[in-house]
Amino acid sequence: MTLNLCLIIFTIITLLVIISSSSESIDPYYLDCKYPNTTTCGDGQVIKYPFYIKSKQNSICSYPGFDISCNIEKHPVLKFENNDNDYVIKKFYYHNYSILVSNDAASACPNKVRNISLPLDRYRFLDNDQKYMIILSDCNNSSHVKSEYYKVKECTNETVFAMMEDEWNHINSTEFGNCSKKVLAPVNLLHKNESVSSDVKEVMRRGFELKWIAGTCNDCEDSRGYCGFNITTYKFACFCTDRPHARKCASPAVLKELDDTFYSSDEELFKSIVQVNISRPTIVTTIRIVWI
């Protein structure tokens, strides 16, 4: 085997090792957040930053406090502290950082609905003038005729009343007898003066909107990175192919410049190899295949 041939083979092997090492040096957090980025509970809604499914995704690809689970109907479910209700996420609005949720406990008689206490470091009501439904349960001695108008028909085993907060403010509470439970449930109304007495279940199913509070992801996604959280610095992180960044990955122009430099140097190396006096065309073909 000639010296030139040995040089060619050695150079090809070296380049293959370099290319292989380059692909293996992709940041592992980038890969963790890239491949589960199309994960759903089964209803087609993609779960991504700031949320993550506890049983399916890496928490580093989310923001602290935004863990969700999937219910048996394959819908994403959100829970709040001191509240055993499941809040089904009906829609993610990633473009304006909000979600539409409905209380699953209101699927039948709303006597299981609990007061909601939002963690204000993570969520706010999207509507600054959020409307509430008053739900009264465990009631007795409610014999007043007017109270019948607010009685929830779906509740057959106990007496439950429901009305809007504005209505409650203009009613004599003694008309409903003694009610041991009073709950304020946030709802979305179709119009300002809508009454809930006709169909409590439908109004509750309609849900309400929440705005989440977390590090914004736009700059990171625009730079082809994946958003997450740096548990070491306890700050937002943009996971990129090279390493985590504070806000976004290197700009496409910078990446292109690096790529052009890498390939240009390799091309010059291949040209110098091809210029060697070679009498075997098969070797040149092999070089071309590796380059492609």
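Excluded from the calculations below are hydrogen atoms, water molecules and symmetry mates; all remaining heavy atoms, backbone and side chain alike, are included. Because the structure is a prediction, the values reported are computed rather than measured.
Within 6.0 Å of atom CG in Asn172, more than 12 heavy atoms from other residues, nucleotides or ligands are found, so the atom counts as buried in its surroundings. Ile231 CD1: 12 or fewer foreign heavy atoms inside a 6.0 Å radius. The local environment of CD in Glu81 is sparse, with at most 12 non-hydrogen atoms from other residues, nucleotides or ligands closer than 6.0 Å.
For the pair Asn169 (side chain) and Glu165 (backbone), a donor-acceptor distance under 3.5 Å is present. Remark: the backbone N or O of Phe208 is not paired with any side-chain donor or acceptor of Gln130 at under 3.5 angstrom. Looking only at distances, no side-chain donor or acceptor of Arg114 sits under 3.5 Å from a matching main-chain atom of Asn83. Side chain of Gln57 to main chain of Ile47: a donor-acceptor pair is present (N/O by atom type, distance under 3.5 Å, no hydrogens or angles). In terms of modelled atom types and a separation under 3.5 Å, the side chain of Asn85 and the main chain of Lys112 share a donor-acceptor contact. Checking side-chain atoms of Lys56 against main-chain N and O of Thr40 turns up a donor-acceptor pair under 3.5 Å.
Clustering ILVMFWY residues whenever any of their side-chain heavy atoms sit less than 4.5 angstrom apart, transitively, puts Met164 in the very cluster that holds Met204.
A parallel orientation is assigned to the rings of Phe92 and Tyr94, their planes being inclined by less than 30° (bins at 30° and 60°). Between Tyr29 and Phe239, the angle of the ring planes lies from 30° to 60°, which puts this pair in the tilted group. Aromatic ring pairs are classed by plane angle as parallel below 30°, tilted from 30° to 60° and perpendicular above 60°; the pair Tyr63 and Phe229 is perpendicular.
Taking the charged nitrogens against the carboxylate oxygens, Lys131 and Asp129 do have a contact shorter than 4.0 Å, which makes a salt bridge. Of the charged side-chain nitrogens involved, at least one lies within less than 4.0 Å of a carboxylate oxygen, so that Glu221 and Lys48 count as a salt-bridged pair.
When each of Leu126, Ile89, Ile68 is paired with Ile99, the side chain to side chain contact (heavy atoms under 4.5 Å, CB included) condition holds for Ile89 and for no other. Of the residues Tyr49, Tyr97, Tyr123, the one that meets the ring pair (Phe, Tyr, Trp, His ring centres under 6.0 Å) test with Phe66 is Tyr123.
In this structure, Cys249 and Cys220 have their SG atoms no less than 2.5 Å from one another. Disulfide criterion (SG-SG under 2.5 Å) for Cys227 and Cys217: met. Disulfide status for Cys61 with Cys33: present, SG atoms under 2.5 Å apart.
For Tyr30 and Tyr226, the ring centers sit closer than 6.0 Å to each other.
Residues meeting the side chain to side chain contact (heavy atoms under 4.5 Å, CB included) test with Val183, sequence neighbours left out: Val113, Asn115, Ile135.
Arg206 is not listed as a side-chain neighbour of Val187, based on a closest heavy-atom distance of 4.5 Å or more.
Residues Asp27 and Arg243 approach most closely at OD1-CA, 3.8 Å, considering heavy atoms.
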